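Worksheet: one structure, shown below.
All values below were derived from every heavy atom in this structure, side-chain atoms included, with hydrogens, water molecules and symmetry-related copies excluded. Bear in mind that the values here come from a model prediction, so they are computed numbers and not experimental data. Here, residue 1 is the first one in the sequence, and each next residue gets the next number.
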Amino acid sequence: MAKRRESVRIHTGRLLLTPANPLLAIDPAALQTDLETIGFIGEPLPGLDSAFVVGTHFLSLLTFAGCSVNLTLEPTPAGGPFTHVRLLGPLPRPSLFQGRNTRPPRCPTCRALHQGWTHILQRQESQDLACPACGSRRSSWDWEWRDKAGYGRSFISVEEVFPGEAEPTPSLLAALTALTASPWRRLFIQD
């Protein structure tokens with residue numbers, strides 16, 4: 001008897017924007033207002049907490065590059081995936097966002113890769129990592145995650161974009177920096 005294959009929808013990926021300082025928590029109401037003002041987000045999506053359709057200037061605040069960029073910018077009647085924005089946080093403490101595209105981080109001191117990082121961070125309460133090569137101990141958010149993972153307390157998540165396909169423009173980053181008086185960075189996560 002043949003097994004029936006169940007259809008599992010794989011999430012395309014997401015672009016996460018977060019303050020460069022992982023300890024910084026952003027007032028979600030102020031962030032929402034600023035993102036509405038610059039046209040990055042539009043109306044709230046019914047039934048989803050802190051989720052919004054893309055705004056009128058969304059496509060001028062992100063640069064899309066790739067050989068076959070295909071975005072659906074509005075909910076579909078069939079309920080399929082579409083590009084939208086979610087505001088996450090502030091979280092009680094810096095949290096690691098990672099995905100199946102996450103690679104071992106590099107030590108900030110000697111640049112060695114830490115192959116066992118997942119097991120260590122799962123079984124200890126501390127967020128510190130000791131480098132297996134040089135022995136230096138630093139907070140795991142100080143390690144180099146190469147934009148495929150990272151820490152933060154507040155995030156802007158652009159959902160259903162392939163990792164690396166969307167880049168924030170300098171004007172979007174400048175608007176976010178003006179809001180927080182802190183630079184922002186981007187992460188590309190694929191679940």
Side-chain angles (χ1 to χ4, degrees), residues 9-92 94-102 145-191:
R9 189 184 79 75
I10 295 179
H11 188 271
T12 305
R14 66 180 49 93
L15 164 68
L16 289 170
L17 302 170
T18 187
N21 176 353
L23 300 172
L24 189 59
I26 307 301
D27 173 17
L31 181 59
Q32 178 181 339
T33 299
D34 280 8
L35 294 177
E36 288 170 341
T37 300
I38 64 173
F40 190 71
I41 60 173
E43 295 296 315
L45 283 166
L48 291 175
D49 215 15
S50 300
F52 305 86
V53 295
V54 300
T56 55
H57 297 295
F58 178 83
L59 292 174
S60 64
L61 293 168
L62 289 178
T63 302
F64 289 88
C67 54
S68 61
V69 176
N70 183 13
L71 301 174
T72 303
L73 298 177
E74 295 178 359
T76 62
F82 65 99
T83 303
H84 60 284
V85 179
R86 294 192 83 159
L87 304 181
L88 310 171
L91 305 172
S95 294
L96 175 65
F97 277 68
Q98 63 176 333
R100 70 176 190 251
N101 63 326
T102 300
W145 294 94
R146 296 182 306 277
D147 300 329
K148 291 181 175 41
Y151 282 87
R153 293 185 60 201
S154 298
F155 294 87
I156 301 168
S157 180
V158 180
E159 298 288 330
E160 299 296 339
V161 294
F162 192 76
E165 189 173 65
E167 284 284 340
T169 62
S171 58
L172 176 57
L173 292 174
L176 294 171
T177 298
L179 168 67
T180 60
S182 171
W184 283 58
R185 61 193 169 96
R186 74 205 181 345
L187 313 170
F188 303 108
I189 306 294
Q190 194 167 34
D191 297 335

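- Proximity of I156 to L87: side-chain heavy atoms (C-beta onward) are separated by under 4.5 Å at one or more points.
- For F52, there are no ring-ring contact (aromatic ring centres under 6.0 Å, His included) partners two or more places apart in sequence or in a different chain.
- Two residues are said to be in side-chain contact when any heavy atoms from C-beta on lie closer than 4.5 Å; P168 and L62 meet this criterion.
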Audit row: V161, F64, side chain to side chain contact (heavy atoms under 4.5 Å, CB included) steps and yes/no = CA-CA 9 Å; V161 294; F64 289 88; 3.9 Å; yes

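- Between the side chain of R86 and the backbone N or O of D49 there is at least one donor-acceptor pair closer than 3.5 Å.
- Side-chain atoms of T180 come within 3.5 Å of backbone N or O of L176 as a donor-acceptor pair.
- Without hydrogens or angle criteria, S154 side chain to A25 main chain gives no donor-acceptor distance under 3.5 Å.
- R14 places no side-chain N or O within donor-acceptor distance of the main-chain N or O of S157, the cut-off being under 3.5 Å.
- Here N21 contributes atom CG and W184 contributes atom CH2; the two are 11.5 Å apart, rounded to the nearest 0.5 Å.
- The side-chain heavy atoms of W145 and L187, taken from C-beta on, include no pair separated by under 4.5 Å.
- Here the CD1 atom belonging to I189 is positioned 8.5 Å from the CZ atom belonging to F97, to the nearest 0.5 angstrom.
- A salt bridge (Lys or Arg N to Asp or Glu O under 4.0 Å) check over residues 175-187, counting only residues at least two apart or in different chains, returns the pairs D147-R186, E167-R186.
- Distance OG1/T33 to CD1/I38: 11.5 Å, rounded to 0.5 Å.
- Shown are P19, S95, P94; of these, the side-chain contact (heavy atoms from CB on, under 4.5 Å) with R153 is made only by P94.
- In this structure a side-chain-to-backbone donor-acceptor pair under 3.5 Å is missing from D34 to A175.
- Put simply, the side chain of L17 reaches to within 4.5 Å of the side chain of L172, judged on heavy atoms.
- Of the possible donor and acceptor atoms, none in the side chain of T102 sits under 3.5 Å from a partner among the backbone N and O of Q98.
- Note that CZ of F155 is 4.0 Å distant from OG1 of T18, once rounded to the nearest 0.5 Å.
- In this structure, A149 and L96 approach most closely via the heavy-atom pair CB-CD1, 4.1 Å.
- Between P28 and S50 there is no side-chain heavy-atom pair separated by less than 4.5 Å.
- Results of the side-chain contact (heavy atoms from CB on, under 4.5 Å) test with H84 over V53, L45, I41 single out L45 as the only residue that passes.
- Residues L35 and T37 are not in side-chain contact: their nearest non-hydrogen atoms beyond the backbone lie 4.5 Å or more apart.
- Atom OG1 of T169 and atom CG of L61 lie 5.0 Å apart (nearest 0.5 Å).
- Considering CZ of F188 and CG of L15, their distance stands at 5.5 Å, rounded to 0.5 Å.
- Heavy atoms only, all atoms of each residue included: G152 and L91 are closest at O-CD1, 4.0 Å.
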